[in-house]
Amino acid sequence: MTRLLAVEPVFPAHRYSQGEITDALLAMMAPDRATERVMRRLHGGCGVDHRYLALPLERYGELGDFGRRNDVFIEEAVELGAAAVRGALDRAGIAPEEVDIIVSTTVTGVAVPSLEALIGARVGLRSDVVRVPLLGLGCMGGAAGVARLHDILRGRPHSVGVLVAVELCSLTIQREDTSPANLVASGLFGDAAAALVAVGSRHPRAGHRQGRDGQVRARVVDSTSRIYAGTEDAMGWQVGAGGLRVVLSAEVPDLVRDNVGRDV
């Protein structure tokens, strides 16, 4: 079984209260009074106290088209992702040159070469590290990424693997979009990265149930996957000249209730 040695979350330096973010977004979007009232009500009811953002609030008004946004995404995502990978490796007591596999997951920007290649070069991974970029998994990217890393380690049981997930949702904000989906999404999501270090079942560290900090290390017992047909319009992106426009349907809670419990 795959043993998880360490997890490291990393947040950007820019932390704001929900109210500060709402005020800044309203200043950029300049909606009519009715839409402003709806947006304030939605943001206030999200249960979010504060969020971390990739950029200072005042810089979001300067973001231009998709190309400019994506350039910022790559710069900030590599910085945060590299910090997360370094932190996870330090926690695990694993040197960068020991890493055999690196998996990346994101849906808030596009990088070619992909993020794990850029991050791997930044942190000093070997040139023969196995790279697995995952795009399009959305909110389930971390869980599905662990499953895919586990699948690979089952075939390479002596290996060390790293998963890095980066989402910079703030860079996808659409100032002209006053749809309910965008108003809700603009009140929920923030920016962060996280990395995880795991080893296969025959690695010398696989039998270590506790880390140096005394914490019990989790293991992956198995993995499975499920596709729900006809749900492609429930969550996702519409890609246009202005960037990534959120798709977020009110049916999402019903889809979860009707399907996920049974499958688990």
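Index from 1, following the sequence. Since the model is a prediction, treat every value here as computed from it, not as a measurement.
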- [ ] Take V99 and V197, measure what side-chain contact (heavy atoms from CB on, under 4.5 Å) needs, and give me the verdict at the end.
- [x] CA-CA 9 Å; V99 176; V197 179; over 6 Å; no

Open item on the list: Is it the case that the side chain of E167 and the backbone of T108 share a donor-acceptor pair, with hydrogens and angles ignored and the cut-off at 3.5 Å?
Closed with: yes

Task: Geometric class of the Y16/H14 ring pair [parallel <30°, tilted 30-60°, perpendicular >60°] - done: parallel

Task: Donor-acceptor contact present, side-chain E75 to main-chain V72, <3.5 Å - done: no

Open item on the list: I need the minimum non-hydrogen distance between M39 and L25, along with the two atoms involved.
Closed with: CE-CB, 3.5 Å

Open item on the list: Looking only at side-chain N and O atoms, does H43 offer a donor or acceptor that is under 3.5 Å from a partner on S186?
Closed with: yes

Open item on the list: Side chains of R69 and T172: any donor to acceptor distance under 3.5 Å?
Closed with: no

- [ ] For R3 and A206, indicate whether the former's side chain and the latter's backbone hold a donor-acceptor pair under 3.5 Å.
- [x] yes

Open item on the list: So that I can tick it off, tell me whether E116 and R131 are bridged by a salt bridge, with the cut-off set at under 4.0 angstrom between side-chain N and carboxylate O.
Closed with: yes

- [ ] Decide whether R15 and H50 meet the rule of one side-chain donor and one side-chain acceptor closer than 3.5 Å.
- [x] yes

Open item on the list: Can you list, by chain and residue number, the hydrophobic cluster partners of V221 when the side-chain cut-off is 4.5 Å?
Closed with: M1

- [ ] May I ask you to say whether D151 pairs ionically with R156, meaning some side-chain N is under 4.0 Å from a carboxylate O?
- [x] no

Task: Under 3.5 Å donor-acceptor, S249 side chain and V252 backbone - done: no

Task: Residues R51 and D191 bridged, charged N to O under 4.0 Å - done: no

Task: S179 and N182: side chain donor to acceptor below 3.5 Å - done: no

- [ ] Using the rule that two of Ile, Leu, Val, Met, Phe, Trp, Tyr join whenever any of their side-chain heavy atoms come within less than 4.5 Å, decide whether V132 and V107 are in one cluster.
- [x] no

- [ ] Provide the closest heavy-atom pair for S170 versus Y60 in the form atom of the first, atom of the second, distance.
- [x] OG-OH, 2.6 Å

Task: Side chains of R86 and R122 in contact at under 4.5 Å (non-hydrogen atoms) - done: yes

Open item on the list: Check R257 with D254, please: is the shortest side-chain N to carboxylate O separation under 4.0 Å?
Closed with: yes

Open item on the list: Can you confirm whether E79 is buried at CD, in the sense that more than 12 heavy atoms of other residues, nucleotides or ligands lie under 6.0 Å from that atom?
Closed with: no

